Undergrad: 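If you scroll down you'll find the structure; I have some questions about it.
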Amino acid sequence: MRTLALTVMAGSAAADPAFVQRPDAFPVEHVYTGGWEHFVGGGVAVFDCNGDARPDVAAAGGTAPARLFVNATPAPGAPIGFDRGDLPSLTGVTGLYPLDIDGDGTLDLAVLRVGANLLLRGDGACGFADASAAWGFAGGDAWSTAFSATWEAGRGGPTLAIGNYVDRKDPDGPFGACDDNELHRPGPDGYDAPLPIAPGYCALSMLFSDWQRSGTPELRISNDRHYYLQGGYEEMWRLSPLAPRTEADGWEKVSLWGMGIASADLTGDGRPEVMLTSMGDQLLQVNEGDGWRNAPFETGTAAQRPYTGDDGRPSTGWHAEFGDVDNDGRLDLFIAKGNVDQMPSNAMADPNNLLMQGPDGRFSEAGAAAGVADPVRSRGAALADFDGDGRLDLVVSARRAPLKVWQNVTEGTGRWLAVEPRMTGANTRAVGAIVEVRTGDGVQTREVTVGGGHAGGQAGPVHFGLGDADRADVRVIWPDGTVGAWQDVAADGRVTLRR
């Protein structure tokens, strides 16, 4: 049986991860609040809103206003800190995703809400204005909880997929009342009327990805079986024509309490694996090109129960994200954990997971030792280098608990590289591109995507750990399949590759 180990940077031993919480990082306390319509959601968007190469944070607020925090960390290694930014006054926000919608090179925000969703145009100086009407975007009035975007050939803007949860207007709900999802395609005069992705099964995460490396992205949807009751399953949708994959063409139906999606190549074959969070077992699926295989339990990613305290009830996973925390060349995995609210079947004190990948491809728990085992109701999260020292830090949003940031202070980490592909034309951030980094120990492969996670995502450089390598070759396979030339670059820095 094939292992999960990617191409290992054998020259570097793994460092013991260590994080320090920065309780004064944010100028005001920010909490994701609300009743049952905000049991889910609570995502964060991480992106550079002013071009200073320091990631900023936008956080959903639920019934409280969403907020923007602008990175004010003074130097690499200095304590992480943020200033208060300025977002339009918005409540009902469940999640936010950064992307360049109008192709002007500046990042915008797709805002998910209980109510009308919005598209906010960024001005390049951390200012945002509602451009939904100007862009012809119909925000609807649903309970939106999932998002992804891709650029289809021949279209002047991104195709947007929006996942809706329970239909709040169904008098027979909430059980069995999952709402339909939506596909928004750009036309010559703004967005066309949305196409239904139906029936819906209470989507909580979506991700466009070229899973087969065929040049054609497809949409994966993770659904919450708590409300669809029966007949629902995890989905994969083709775009042309818009239709779901079925068992007849190899799509095996899996039903779980789906909360979030994370995707990355763990096996070194260039195809992305997928991590699905849930109540109970977290499900890692290995991409075999023509289908998916559930990873064996001994891989260590199930994370099915709390690893601290004495609460033996099942865990509840939300945002999941792969990232090389110790820069040893092996992707690690963070999972935000927390009870929906007071659900008695599941653990109440449910610490976040930090699963470190070893040389054999197996993952081991390091959350408590690393200092990130926060037992609150965590929701959205992001691994990002907030202070610019080459180590991935962590921000986590929570329901009824403050937004928090942890600074990565791990000693003895490996070398690193941050790669940002850029293009002219509509798709300025090269969404759909494949970034490859090669050293003497092998090739690491990452895809530039928008979506996944739980109610929030990132836009910015793709982070690679290099182990002991002091140089690397880098290339980009651009969204149209054009293969860029290998470029030799020095380790421990950020590089922008332009089409």
Side-chain angles (χ1 to χ4, degrees), residues 3-15 48 53 55 209-211 213 262-273 287 321-334 356-359 361 382-385 388-393 408 410 412-423 429-450 452 458-479 481-499:
T3 69
L4 286 177
L6 54 72
T7 303
V8 175
M9 303 298 174
S12 178
D48 179 4
S209 175
D210 184 3
W211 309 98
R213 295 296 184 254
S263 179
D265 175 23
L266 301 178
T267 64
D269 64 0
R271 295 190 298 263
E273 276 58 60
N287 186 343
E321 188 168 331
F322 290 105
D324 192 345
V325 168
D326 53 3
N327 289 334
D328 64 354
R330 297 185 290 268
L331 286 171
D332 310 304
L333 176 62
F334 176 81
M356 304 297 294
Q357 187 183 179
L383 290 166
D385 183 6
D389 69 352
R391 293 176 291 189
L392 291 175
D393 309 301
N408 189 339
T410 307
T413 56
R415 313 295 288 270
W416 60 278
L417 195 64
V419 183
E420 186 157 24
R422 293 291 187 93
M423 296 169 50
R429 303 292 169 133
V431 174
I434 308 298
V435 181
E436 295 183 329
V437 169
R438 181 178 68 187
T439 67
D441 295 298
V443 177
Q444 298 182 59
T445 303
R446 303 288 292 276
E447 181 181 9
V448 180
T449 59
V450 177
Q458 294 194 50
V462 184
H463 179 92
F464 293 87
L466 301 181
D468 289 335
D470 59 3
R471 304 194 68 82
D473 295 323
V474 184
R475 74 175 180 182
V476 177
I477 303 172
W478 300 98
T482 301
V483 180
W486 287 106
Q487 300 185 39
D488 173 57
V489 298
D492 299 337
R494 177 171 173 164
V495 59
T496 300
L497 300 182
R498 298 186 183 275
R499 177 79 181 265

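None of these values were measured; they are calculated from a predicted model. The figures that follow rest on heavy atoms only: side chains count, while hydrogens, waters and symmetry mates do not.
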Undergrad: Identify the two heavy atoms, one from His463 and one from Gly390, that lie closest to each other, and give their separation to 0.1 Å.
TA: CE1-O, 3.1 Å
Undergrad: With side chain to side chain donor-acceptor pair (under 3.5 Å) as the test, pick out the partner of Arg330 among Asp328, Asn327, Asp326.
TA: Asp328
Undergrad: Checking Arg494 side chain against Pro461 main chain: does a donor-acceptor pair fall under 3.5 Å?
TA: no
Undergrad: Report the C-alpha distance between Phe464 and Val435 in whole Å, list the side-chain angles of each, state the deciding distance to 0.1 Å, and finish with yes or no for side chain to side chain contact (heavy atoms under 4.5 Å, CB included).
TA: CA-CA 10 Å; Phe464 293 87; Val435 181; 3.8 Å; yes
Undergrad: Does atom CZ of Arg471 have more than 12 heavy-atom neighbours, drawn from other residues, nucleotides or ligands, at distances under 6.0 Å?
TA: yes
Undergrad: With distance as the sole test, does Asp492 use its side chain to make a donor-acceptor pair with the main-chain N or O of Arg415 at under 3.5 Å?
TA: no
Undergrad: Using side-chain heavy atoms (C-beta onward) and a distance below 4.5 Å, is Asp473 in contact with Val437?
TA: no
Undergrad: Is it true that a side-chain atom of Gln357 and a backbone atom of Asp324 form a donor plus acceptor pair closer than 3.5 Å?
TA: no
Undergrad: Please check: side-chain N/O of Arg391 versus main-chain N/O of Thr413, any donor-acceptor pairing under 3.5 Å?
TA: no
Undergrad: Would you give the length of the straight line joining atom CD1 of Ile434 to atom CG of Asp210, rounded to the nearest 0.5 angstrom?
TA: 6.0 Å
Undergrad: Where do Gln487 and Arg475 land on the side chain to side chain contact (heavy atoms under 4.5 Å, CB included) test, with the steps shown first?
TA: CA-CA 6 Å; Gln487 300 185 39; Arg475 74 175 180 182; over 6 Å; no
Undergrad: Which heavy atom in Asp393 sits nearest to a heavy atom in Asn408, and how many Å separate them?
TA: OD1-N, 2.7 Å
Undergrad: Scan side-chain atoms only and decide if Glu447 and Ser263 contain a donor-acceptor pair under the 3.5 Å cut-off.
TA: no
Undergrad: CG of Asp385 to CH2 of Trp416: how many Å apart, nearest 0.5 Å?
TA: 6.0 Å
Undergrad: Which pair of non-hydrogen atoms, one from Gln458 and one from Ala384, has the smallest distance, and what is that distance?
TA: OE1-CB, 3.7 Å
Undergrad: For the atom pair CD1 (Ile477) and CZ (Arg213), what is the distance rounded to the nearest 0.5 Å?
TA: 8.0 Å
Undergrad: Just how far is it from atom CG of Leu333 to atom CD of Glu321, taken to the nearest 0.5 Å?
TA: 9.5 Å
Undergrad: Can you check whether Leu266 reaches Phe322 side chain to side chain, under 4.5 Å on heavy atoms?
TA: yes
Undergrad: Report yes if some heavy atom in the side chain of Val419 is under 4.5 Å from a heavy atom in the side chain of Arg446; otherwise report no.
TA: no
Undergrad: For Val476 and Pro421, which heavy atoms make the closest approach, and how far apart are they?
TA: CG2-CB, 4.1 Å
Undergrad: In plain terms, say whether Glu436 and Arg438 are close enough for a salt bridge, that is, a side-chain N and a carboxylate O under 4.0 Å apart.
TA: no
Undergrad: For the residue pair Leu331 and Asp265, what are the closest heavy atoms and their distance?
TA: CD1-O, 4.0 Å
Undergrad: Once you round to the nearest 0.5 Å, how far does CD of Glu273 lie from CH2 of Trp211?
TA: 10.5 Å
Undergrad: List the atom of Thr439, the atom of Ala469, and the distance in Å for their closest heavy-atom pair.
TA: CG2-CB, 3.7 Å
